[in-house]
Each structure stands twice: as C-alpha cells, then as structure tokens.
Amino acid sequence: MTEQSPIINSIRRRVLVVDDEFINREILGHIVSQNYDVLYAENGAQAFEMIKSNKDILSLILLDLLMPEMDGYELLSLIQSDEELRRIPVIVLTSEKNAEVKCLQMGAVDFIPKPYDLPDVILARVGRSIQLAEDSKIIKETEKDPVSGLYTKRYFYRYCDIHNIYFPDSSMDAIVMNVNRFHLINEINGRNYGDEVLGILGRKIVKNLQGKNGIACRSDADTFYIYIDHQSDYDGFISDIANAVIEKTGNTNFSLRMGVYSESEKKFTVESMFDKAFHACSVQKNASGGYYSNSVVFYDNAMHEKEVFSERLISDMDMAIKEKQFKVFYQPKYNIKGDRPVLASAEALIRWIHPELGFISPGVFIPLFEENGLIHKLDRYVWHEAARQIREWKNKYHHSLPVSVNVSRVDILDPGLEGELADIINEFDLETGECLLEITESAYTNNSSQIISTVNNLRNMGFRVEMDDFGSGYSSLNMLASLPIDALKLDRGFIRNITKSEKNSRMVEIMISIADYLSVPVIAEGVEYEEQYRLLKDLGCDIIQGYYFSKPVCAEDFASLIEKELDLSAAEQKNT
Ligand code: C2E
Ligand code: MG
Ligand code: MG
C-alpha cells in the first residue's frame with residue numbers, strides 16, 4: 001500500500017450517493033457520513049452533472065442501477081468513457097447477481113448487495129476502494145517520467161525483475177543510451193528545446209521496443225536505460241532513434257552513444273547489468289572518435305579487467321599514501337627569451353610505484369580519482385610534498401625556485417581550497433608566489449563562474465595561476481579575455497606536430513598572439529626536439545617544458561639541475 005502523508009490521510013473524502021429511492025439514500029448516507037462528506041443525486045442525469053462539477057474532489061461514487069431518466073449502466077459507461085472522470089471509483093448498489101458481473105466488466109470497482117450489509121462492512125468496502133484508487137493514481141504519477149513518457153528508474157527496475165520472473169530463460173540486453181554533448185544542446189537552444197529532444201527520443205525508443213519484449217526508462221537528464229531481447233547488432237537501432245531527432249529538429253550534428261551488456265545466464269542483478277552497460281557507455285565519452293557520431297560499445301572482458309584494475313587502485317590508494325608509494329617528480333621549465341635557456345620553475349608530477357603492479361602513470365589514476373573524489377586527498381599530499389621540497393631547496397641553495405602543482409577540476413569546487421593552500425604555504429614559511437597553480441582549460445569551461453571567482457581569490461592571495469592544456473578545451477576568445485590567469489600552457493598536442501604541420505605551427509602562432517593580447521607568458525610543454533625548440537623560440541614562446549630539456553625526475557636528480565643553473569648564472573655574473 002502506498003504511504004501517504006498524515007495531512008492527506010486526515011482530509012475528509014467526498015462520496016456521491018446516487019439512488020432514486022429516498023429511503024435508500026437516507027440509510028446509505030447515514031452510514032457513509034460517519035467517515036465521509038456525502039453528496040446525493042436522485043438519477044443518472046443529475047448525478048452526471050454533479051460528477052462533472054465535482055470531478056476533482058469526488059473520491060467515490062455509490063451507484064444504484066435501476067433509476068429513471070438515466071440508469072446506472074448508462075452513467076457508468078459515460079464515466080468510463082471520460083478520461084478525467086474514469087479515475088473516480090464506482091461501487092454499484094444492486095440486488096441482482098448478474099448485474100454485479102456486468103458492472104465489474106464495465107469498470108465498477110466493487111458492489112454492495114441490497115439489502116444493505118452491516119454498516120462496518122459497507123464502510124470497509126468504501127474505504128478500501130478509495131485507498132486502491134488513490135494508490136494507483138500515485139503509482140501512475142510516479143511511474144512515468146513526464147518529459148520522455150518512459151518509466152522512471154524506480155519502476156523500471158521493478159518491471160525488469162518481474163520480466164525475469166516470468167521469462168527466466170530469455171536472453172536480455174541491458175542498454176544505457178546517452179546523448180552526445182547534450183549540455184550544449186541545452187545551452188544553445190534552451191531547456192524547453194532540450195526537453196523536446198528527450199520527448200522525441202522517448203517516443204522513438206518505445207517504437208523500437210515493439211516486438212522485442214523491451215521496456216525503457218529515463219534514468220536522469222539525457223540517460224536512457226533499455227532492457228530488451230538480445231540482439232547482436234544495434235547499429236540500425238541507434239541510428240533510427242537518432243534520425244528521429246535529426247528529422248524533427250534539423251540538427252544534423254545530433255548523435256547518441258550506447259553501452260550494451262549482454263547476459264544470457266542472468267548471473268547478475270538487473271542493477272549490476274546496467275552498471276556494466278553504463279560503464280560501456282561512459283568509456284566512449286573520452287574517446288574522440290565516438291563522440292561526434294552514433295556509437296555502440298559492448299561491455300567485454302577487457303573492460304571488465306580494466307574495471308577490476310580500477311577498483312584495485314581505488315582500494316589501494318590509502319595504503320599507498322601511508323607507505324609513500326606515491327613519489328613526486330619534478331620537470332623543469334626553462335625561460336627561452338634570453339641568450340641561453342634559464343631554469344625558471346618546475347612542475348610537480350606524481351608517480352605511483354606500486355609494490356605489485358609496478359609503475360602506474362598519472363594518466364591512469366588521476367582521471368579515476370577525479371571521478372570518485374579521492375583526488376582531494378592525493379592532491380593535498382602532492383601540494384604538501386612540493387611545498388616541503390621548495391623549502392628544502394630554498395634552505396640548501398638560498399635560491400627560490402617556484403614549483404607548480406596541478407589543481408584538479410574537482411579541487412576547484414572545494415570551498416576549503418584557498419584555506420588549505422594557505423595553510424601549506426604557512427607551514428613551510430613560503431611566499432604564495434613560490435607556488436604556481438596549474439588548472440586545466442576544460443575546468444574553466446565546465447564551471448566558469450565558480451572557477452573565475454576561486455581563481456580571483458587565489459590570485460588576490462598572491463598565487464600565480466597557469467592555464468594548463470590550453471587549446472584542448474573550448475574556451476571562447478570572449479571568455480579568455482575575462483579570465484584571471486598568469487600564463488597559458490599550450491597543450492602538448494599542438495607541439496607534437498608543430499614542425500610537421502603548417503596548420504599546427506599556425507595554431508601555435510595564433511595562441512601566442514592570444515597570450516600577447518592577454519599580456520601573459522606562453523609555456524609550451526611536450527617539447528622533445530631541437531627543431532621544436534627553435535621554432536617555438538622564433539614564434540616568440542616564453543617558456544619551455546619537455547623531454548628536450550629533461551624528463552620529470554626525482555627530487556635528488558632535479559637538485560643537480562638547480563646546481564647547474566646556479567653555477568651558470570654565477571659564471572655569467574662574474575663575466576659582467
Ligand atoms: P599535465 O599537467 O599537462 O602534465 C604534463 C605531462 O606531460 C606530464 O605527464 C609530463 O610527464 C608530460 N610531458 C612533459 N614533457 C613531455 C614530452 O616532451 N613528451 C611527452 N610525450 N610528454 C611530456 P604525466 O606526468 O604522465 O602527467 C599526466 C597528467 O596527469 C598531467 O598532465 C596532469 O594533468 C596529471 N597529473 C600529474 N600529476 C598530478 C597531480 O599531482 N595532481 C593532479 N590533479 N594531476 C596530476
Ligand atoms: Mg600540468
Ligand atoms: Mg599540461
């Protein structure tokens with residue numbers, strides 16, 4: 001039984017008694033009025049008018065069958081043929097057995113035999129019919145998602161389970177379907193348009209389920225779940241659904257991605273089947289190829305192994321911090337403006353030397369830890385370690401070498417960020433300017449207003465902020481002009497082919513002029529070869545980081561780079 005709030009339970013329901021005989025109305029009305037407010041009608045025609053004008057507040061109709069003008073059968077069929085009136089339950093009052101069956105077939109919910117039973121029995125039947133009708137109304141409202149017309153997730157899982165009970169031997173596929181770049185559709189065209197797209201998708205999905213034992217729900221936002229008879233190929237399925245949106249909206253860029261988990265043995269619960277399908281769907285988000293066209297990925301063994309590996313990393317992280325398995329490496333950044341490259345700063349880059357799994361690249365565990373919040377702890381560990389190292393070098397060489405740390409997009413959302421960074425700086429008695437913060441470009445595009453205010457705060461505290469991976473996100477020139485930053489770090493991707501592709505070198509040239517316009521220096525990372533270095537120098541790049549100078553190295557090895565720099569600059573000073 002659906003639980004209702006105490007307020008709803010305390011409302012006195014209204015019941016209509018329809019009977020042409022005064023004495024019957026009196027008897028029944030007397031009984032029912034103990035628990036309900038009662039309205040009366042003497043015939044079907046009068047009752048119909050009253051029902052229409054009280055349709056929103058009537059909880060039940062008690063209906064006599066034999067009446068002048070309009071009898072109970074006719075009224076019952078009028079009620080049943082009206083979408084809005086149909087929800088009001090009708091109990092028929094009758095002395096004929098045959099009539100009972102006929103009325104139940106016509107849509108009555110129950111009958112009360114004449115002469116009347118004990119008052120308590122009547123009240124119980126009325127109460128129960130009202131309760132059932134209200135429960136089913138609540139179910140109808142919560143069962144379907146109004147935007148897509150599909151089930152809600154809660155009911156969807158229930159119906160999948162019911163399906164499995166009735167068809168234990170069926171081979172079913174769990175599908176998770178998602179709209180590519182849906183946030184852009186919403187941003188560009190507005191939410192109403194977005195809702196319209198979801199509605200088109202809902203209707204088209206339903207069409208495609210026919211004959212395949214399928215059910216579907218909208219899980220949230222633009223994510224749809226589909227449970228359907230096994231198919232080995234979904235190319236036609238996905239393009240049919242996407243084409244419906246393209247035809248209706250004219251948006252030829254519209255595309256979908258789908259993750260499929262096929263499982264004939266039903267070893268897993270429906271929920272975990274969908275977890276796997278979800279995983280297969282979300283791995284595509286990062287794959288550049290699949291993002292702009294329809295794509296279907298089946299969950300397979302390799303994916304399973306990768307998931308197990310990820311789980312392992314997640315569960316090992318705490319211990320790894322305690323056992324100091326994480327090592328902070330440093331990669332130098334050289335200022336190339338003058339006659340010779342001058343060591344300007346370093347970037348702190350984390351490495352995980354796992355006792356069993358060996359070296360694990362940050363490219364593997366950072367995105368994973370960003371997804372589940374563990375990055376919070378890890379980044380603080382790195383910042384702390386980097387600050388300790390700056391202090392150690394400062395004490396040893398009486399020279400301050402700024403070190404940049406990576407601030408993950410997740411950190412930006414943390415309201416305690418400024419305080420935590422300030423604490424670390426204070427703990428090692430450093431200046432805020434000695435610690436540079438690298439924030440990736442895509443973090444700016446996702447939460448622009450929040451990040452701008454956080455970055456403003458950090459800069460007011462004296463931190464310098466570098467925009468990392470510039471060119472890989474979607475910053476508009478307009479947005480860039482209003483961004484509070486101290487340096488642009490060009491994405492490695494542009495540097496890789498800079499000497500091979502005219503287009504890439506032009507791009508870098510343009511990005512350097514953007515930085516000029518913003519009056520901030522440009523840092524190129526991923527510089528591996530002499531030609532790249534020369535070209536970047538010619539184009540006016542300020543700072544360079546890359547294997548050409550040095551790979552990221554451990555703190556001890558980095559110390560020799562500092563020593564070399566100090567020797568060179570001492571020699572230069574001597575000469576001047
Ligand atoms: P990033 O911040 O853009 O770091 C630069 C990456 O480029 C580093 O990869 C570095 O080793 C690599 N690199 C530098 N020069 C060259 C080169 O000449 N050739 C090539 N092929 N690669 C070069 P790494 O250390 O694997 O880090 C990858 C990414 O992981 C980093 O990209 C950063 O986004 C993230 N990351 C690393 N350490 C941390 C950390 O402590 N916290 C956070 N939140 N992210 C980190
Ligand atoms: Mg970086
Ligand atoms: Mg970078």
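- Under a 3.5 Å cut-off, the side chain of Arg218 and the backbone N or O of Ala221 do form a donor-acceptor pair.
- Residues Phe558 and Val403 form no side-chain contact, since every pair of their non-hydrogen atoms from C-beta on lies 4.5 Å or further apart.
- Phe463 is not listed as a side-chain neighbour of Asp486, based on a closest heavy-atom distance of 4.5 Å or more.
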Could you go step by step and tell me if Tyr533 and Lys537 meet the side-chain contact (heavy atoms from CB on, under 4.5 Å) rule? CA-CA 6 Å; Tyr533 160 65; Lys537 192 170 161 68; 4.0 Å; yes
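- Looking only at atom types and distance, the side chain of Thr223 has a donor-acceptor partner in the side chain of Asn178 under 3.5 Å away.
- Looking only at side-chain heavy atoms (C-beta outward), Ile562 and Leu566 come within less than 4.5 Å of each other.
- Between Lys377 and Asp318, at least one side-chain nitrogen of the basic residue sits less than 4.0 Å from a carboxylate oxygen of the acidic one, meeting the salt-bridge criterion.
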Pair Leu436, Ser345 - check side-chain contact (heavy atoms from CB on, under 4.5 Å), show working. CA-CA 9 Å; Leu436 312 176; Ser345 61; 4.1 Å; yes
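- Using a 4.5 Å heavy-atom cutoff, the side chains of Phe309 and Leu357 are in contact.
- At distances below 3.5 Å, at least one donor-acceptor pair connects side-chain atoms of Asn243 with backbone N or O atoms of Ser239.
- Residues Glu370 and Ser408 have side chains that bring a donor and an acceptor to within less than 3.5 angstrom of each other.
- Gln231 places a side-chain N or O within donor-acceptor distance of the main-chain N or O of Asp233, the cut-off being under 3.5 Å.
- Each side chain to side chain donor-acceptor pair (under 3.5 Å) pair with one or both residues in residues 547-561, not counting sequence neighbours, appears once here: Glu530-Tyr548.
- Sorted by first then second residue, the salt bridge (charged side-chain N to carboxylate O under 4.0 Å, His left out) pairs that include residues 383-394, not counting sequence neighbours, are Glu385-Arg388, Arg388-Glu392, Lys394-Glu434.
- Scanning for ring pair (Phe, Tyr, Trp, His ring centres under 6.0 Å) contacts around Tyr225 gives Phe274, with sequence neighbours left out.
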Step by step, work out the side-chain contact (heavy atoms from CB on, under 4.5 Å) result for Asn406 and Ile350. CA-CA 9 Å; Asn406 288 284; Ile350 190 158; over 6 Å; no
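- In the displayed structure, Arg340 atom CZ is contacted under 6.0 Å by more than 12 heavy atoms of other residues, nucleotides or ligands.
- With Ser472 contributing its side chain and Asp491 its backbone, the two residues share no donor-acceptor pair below 3.5 Å.
- Counting heavy atoms from C-beta outward, Met273 and Tyr299 have side chains that stay 4.5 Å or more apart.
- The closest side-chain donor-acceptor pair between Tyr227 and Asn164 falls under 3.5 angstrom.
- Between Ile238 and Leu256, the shortest heavy-atom contact is CD1-O, 3.6 Å.
- Aromatic rings of Phe156 and Tyr151 (six-membered ring for Trp) have centroids beyond the 6.0 Å cut-off, not under it.
- Using a 3.5 Å distance cut-off with no hydrogens or angles, the side chains of Asn294 and Ser255 do not pair a donor with an acceptor.
- Applying the salt bridge (charged side-chain N to carboxylate O under 4.0 Å, His left out) test to every pair with at least one member in residues 410-426, sequence neighbours left out, gives these pairs: Arg380-Asp411, Arg380-Asp414, Arg380-Glu420.
- Between the side chains of Lys333 and Ser404, a donor-acceptor pair is found at a separation under 3.5 Å.
- Applying the ring pair (Phe, Tyr, Trp, His ring centres under 6.0 Å) test to Phe365 and every residue at least two apart in sequence or in another chain returns Phe326, Trp352, Phe369.
- Taking the side chain as every heavy atom from C-beta outward, Val527 and Ile498 never approach each other to under 4.5 Å.
- Distance alone, capped at 3.5 Å, is enough to place a donor-acceptor pair between the Arg464 side chain and the Gly433 backbone.
- Contact record, Phe254 with Ala242: CD2-O, 3.8 Å, taken as the closest heavy-atom pair.
- Between Leu198 and Phe224 there is a side-chain heavy-atom pair separated by less than 4.5 Å.
- One N or O on the side chain of Glu441 and one on the backbone of Gly471 form a donor-acceptor pair closer than 3.5 Å.
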Determine, stepwise, if the pair Asp145 / Thr152 fulfils side-chain hydrogen bond (donor to acceptor under 3.5 Å, both in side chains). CA-CA 5 Å; Asp145 155 47; Thr152 54; over 6 Å; no
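- Sequence neighbours left out, the pairs with a member in residues 417-441 that pass ring pair (Phe, Tyr, Trp, His ring centres under 6.0 Å) are His384-Phe428.
- Here the closest heavy-atom approach between residue Ile241 and residue Asn208 is recorded as CG1-ND2, 3.7 Å.
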I'd like to know whether Glu509 forms a salt bridge (Lys or Arg N to Asp or Glu O under 4.0 Å) with Arg506, so could you lay out the CA-CA distance, the side-chain angles of the two residues, the decisive distance to 0.1 Å, and finally the verdict. CA-CA 5 Å; Glu509 216 179 327; Arg506 271 295 294 153; 3.5 Å; yes
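- Thr440 and Arg409 share no donor-acceptor pair across their side chains, judged by distance under 3.5 Å alone.
- The number of heavy atoms from other shown groups lying within 6.0 Å of CZ (Arg496) does not exceed 12.
- More than 12 heavy-atom neighbours from other residues, nucleotides or ligands sit within 6.0 angstrom of OH on Tyr193.
- Counting heavy atoms from C-beta outward, Phe237 and Lys212 have side chains that approach closer than 4.5 Å.
- Counting non-hydrogen atoms of other residues, nucleotides and ligands closer than 6.0 Å to OH of Tyr397 gives a total above 12.
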